A.B. asks: 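Provided herewith is a single structure, encoded as structure tokens, for subsequent inquiry.
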Amino acid sequence: MTNLTTQTPLNGSVTALAPFHRGSLLIDPAHETERISAHLRHGVLDTFGRKGAVVAVSGGIDSAVTLALTTRAFGGDRVVALLLQEKESSPENAAFVRTLARQLTVPLIAEDITGALEGFGCYRRRDEAIQRVFPEYDSTYLSKISLPGDLLNRGSLNLFSLTIISPEGEAQTKRLPLAAYLEIVAATNFKQRARMAMLYHHAERRNYAVIGTANKNERDQGFFVKYGDGGADVDAIVHLYKTQVYQLAEYLEVPEAIRRRPPTTDTYSAPSTEEEFFFRMPFETMDLLWYAQEHLVPAEEAARVMELSVAQVERAYRDFEQKRRATEYLRSRILTV
């Protein structure tokens, strides 16, 4: 088993590795749990002088693992879990979160942010943009945006499409014009930013820190909202590929029902998986190919190990690089004089 400490340290650097193989992303979950717990304690207690931690929990694998790690680090009496739903959130989320909070013996606070989003005009602004693409769209429809699938076999660009679903279940999809795409995303991002505002309210009233739940896939490829779900005081799993998060989830005994759930965005009113919305290939394949590219494994060697064609590997490599370049703004620090 490969030890993660020789691969992706918490500071994000990359060090020399053994030859690339299908087990390159295997970690020692017990060692990694202790390492992250120490990182959280140092960051929260020593660096920021805070007394505990707040974690936003959605019912997905990343926030579940982060809450479990944070509880290991501080104990349940110094951790608060927040469930931050709105009218378009999946109704399943609350049940998953409550089960997890009971298992970890962590206090859970539920906040409905629908009113705040309505005040911002989140739904209205988004719907007005959708209606410029589909004039028949109204509040009885569901909607989502997504990228083309099957990246390995189709070298299509990262151009978003809009899908609406009528009350009768009829779906229509059109390519999104740039202006409409930008308006939909700008309006929808109120959701992540409203959640972050609520997180800091609950953290500050207790003198606690906010723990980030983003993984390496999300942060490095730009699948987050700046000053929204990308904001935190201390990150817990941002150095871990998604498949490594699943390894920790099993070790930490995250409820199996959460581990079995397909990762979703829970951002749009129509159901949408993370693969469909943004990543364009299964995590099991993507993580190994991304690891190979980051560690300068030639496409020919990655293709041999993964039993793919060189052309498929090169498509994945190009997509990773394009996403990193296009989202560099999200990771940039504030420019100062």
Side-chain angles (χ1 to χ4, degrees), residues 29-30 32-34 36-37 39-41 43-45 50-114 116 191-192 194-215 218 228-229 231-238 240 242 245-267 274:
E32 190 62 18
T33 293
E34 291 307 312
I36 295 173
S37 296
H39 165 72
L40 291 174
R41 285 191 294 269
V44 171
L45 304 177
R50 301 286 170 160
K51 296 180 178 179
V54 174
V55 181
V57 190
S58 66
I61 193 73
D62 297 319
S63 62
V65 166
T66 300
L67 182 64
L69 289 166
T70 306
T71 304
R72 288 282 187 110
F74 301 106
D77 59 334
R78 288 199 290 172
V79 176
V80 172
L82 286 184
L83 174 64
L84 303 171
Q85 290 196 284
E86 41 93 16
K87 68 179 185 180
E88 294 180 339
S89 297
S90 169
E92 294 181 323
N93 291 352
F96 286 117
V97 170
R98 292 184 194 284
T99 297
L100 178 66
R102 282 196 299 270
Q103 177 177 309
L104 296 173
T105 320
V106 172
L108 174 66
I109 297 174
E111 294 272 13
D112 187 335
I113 62 170
T114 300
K191 295 186 178 186
Q192 284 76 19
R195 290 189 177 105
M196 189 52 60
M198 189 64 75
L199 261 174
Y200 272 94
H201 165 75
H202 283 281
E204 288 172 352
R205 66 188 294 262
R206 293 173 172 82
N207 196 27
Y208 281 9
V210 172
I211 307 302
T213 63
N215 59 48
E218 295 168 344
D229 54 341
D233 295 315
V234 184
D235 278 318
I237 59 171
V238 77
L240 295 177
K242 188 80 166 188
V245 175
Y246 276 100
Q247 292 175 55
L248 276 186
E250 183 175 3
Y251 172 77
L252 293 166
E253 298 182 341
V254 168
E256 187 178 355
I258 294 177
R259 286 186 275 139
R260 287 201 312 264
R261 292 186 82 188
T264 65
T265 64
D266 199 36
T267 297
E274 291 183 357

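The analysis underlying the following values was restricted to heavy atoms, covering all of them including side chains, and did not include hydrogens, waters or symmetry mates. Here the structure is a predicted model, which is why all the values come from computation and not from measurement.
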A.B. asks: Give me the atom names and distance for the closest heavy-atom approach of Asp77 to Tyr208.
C.D. replies: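 Heavy-atom minimum between the residues: O-OH, 3.8 Å.
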A.B. asks: Is any side-chain heavy atom of Val44 less than 4.5 Å from a side-chain heavy atom of Ile211?
C.D. replies: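 Contact flag for Val44/Ile211 side chains = yes.
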A.B. asks: Determine whether the side chains of Thr114 and Asp112 contain a donor N or O and an acceptor N or O closer than 3.5 Å.
C.D. replies: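 Thr114 vs Asp112: donor-acceptor pair found between side chains.
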A.B. asks: Could you give the distance from CG (Leu84) to CD1 (Ile109), rounded to the nearest 0.5 Å?
C.D. replies: 9.5 Å
A.B. asks: To the nearest 0.5 Å, what is the distance between CD (Glu256) and OG1 (Thr99)?
C.D. replies: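 Rounded to the nearest 0.5 Å, the CD-OG1 separation comes out at 13.0 Å.
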A.B. asks: Minimum heavy-atom separation for Ala209 to Ala203, with atom names?
C.D. replies: C-CB, 4.4 Å
A.B. asks: Would you compute the distance between atom CD1 of Ile113 and atom CG of Leu83 and round it to the nearest 0.5 angstrom?
C.D. replies: 10.0 Å
A.B. asks: Taking only residues two or more places apart in sequence, or in another chain, which ones meet Glu92 in a salt bridge (charged side-chain N to carboxylate O under 4.0 Å, His left out)?
C.D. replies: Arg261
A.B. asks: Would you compute the distance between atom CD of Gln103 and atom CG of Leu252 and round it to the nearest 0.5 angstrom?
C.D. replies: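 So the CD of Gln103 and the CG of Leu252 are separated by 10.0 Å.
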A.B. asks: Between Leu108 and Val57, is the side-chain contact (heavy atoms from CB on, under 4.5 Å) condition met? List the steps.
C.D. replies: CA-CA 9 Å; Leu108 174 66; Val57 190; 5.7 Å; no
A.B. asks: Heavy atoms only: give me the nearest Ala257-Phe96 pair and the separation to one decimal.
C.D. replies: CB-CE2, 3.4 Å
A.B. asks: Is a side-chain donor or acceptor of Glu274 paired with a backbone partner of Pro262 at a separation under 3.5 angstrom?
C.D. replies: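 Such a contact is absent between Glu274 side chain and Pro262 backbone.
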A.B. asks: Decide yes or no on side-chain contact (heavy atoms from CB on, under 4.5 Å) for Leu45 and Arg78, but give the supporting numbers first.
C.D. replies: CA-CA 11 Å; Leu45 304 177; Arg78 288 199 290 172; 3.9 Å; yes
A.B. asks: Strictly distance-based, threshold 3.5 Å: is any side-chain N or O of Thr105 a donor or acceptor partner for the main-chain N or O of Gly76?
C.D. replies: no
A.B. asks: What I'd like to find out is whether the side chain of Ile36 reaches to under 4.5 Å of the side chain of Leu248, using heavy atoms alone.
C.D. replies: yes
A.B. asks: How close do Met196 and Gly231 get, counting heavy atoms only, and between which atoms?
C.D. replies: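 Nearest heavy atoms, Met196 then Gly231: CE-O, 2.9 Å.
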A.B. asks: We want to know whether Thr267 and Gln192 form a side-chain donor-acceptor pair, criterion being a heavy-atom distance below 3.5 angstrom.
C.D. replies: yes
A.B. asks: So does Asp229 get a backbone contact from the side chain of Arg195, meaning a donor-acceptor N/O pair under 3.5 Å?
C.D. replies: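 Side chain of Arg195 to backbone of Asp229: no pair is present.
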A.B. asks: Are Val254 and Tyr246 close enough, and set up right, to give a side-chain contact (heavy atoms from CB on, under 4.5 Å), and what steps lead you there?
C.D. replies: CA-CA 9 Å; Val254 168; Tyr246 276 100; over 6 Å; no
A.B. asks: Mind checking the OG1-CZ spacing from Thr70 to Arg41? Nearest 0.5 Å is all I need.
C.D. replies: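 If we round to the nearest 0.5 Å, Thr70:OG1 and Arg41:CZ are 11.0 Å apart.
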A.B. asks: Between the side chains of His202 and Glu111, is a donor N or O closer than 3.5 angstrom to an acceptor N or O?
C.D. replies: yes
A.B. asks: Looking only at non-hydrogen atoms, find the nearest pair between Gln85 and Ser90 and report the distance.
C.D. replies: NE2-O, 3.0 Å
A.B. asks: Under the side chain to side chain donor-acceptor pair (under 3.5 Å) rule, what pairs show up with a residue in residues 55-69, not counting sequence neighbours?
C.D. replies: Ser58-Ser63, Asp62-Asn215, Asp62-Lys242
A.B. asks: If we only count heavy atoms from C-beta on, is the Tyr200 to Asp233 side-chain gap below 4.5 Å?
C.D. replies: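 Side chain of Tyr200 against side chain of Asp233, heavy atoms only: contact under 4.5 Å found.
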A.B. asks: Specify the closest pair of heavy atoms between Ala249 and Val65, including all atoms of both residues, with the distance to one decimal.
C.D. replies: CB-CG2, 3.5 Å
A.B. asks: Rounded at 0.5 Å granularity, tell me how far CZ in Arg50 sits from CD in Glu204.
C.D. replies: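 Here the interatomic distance stands at 6.5 Å.
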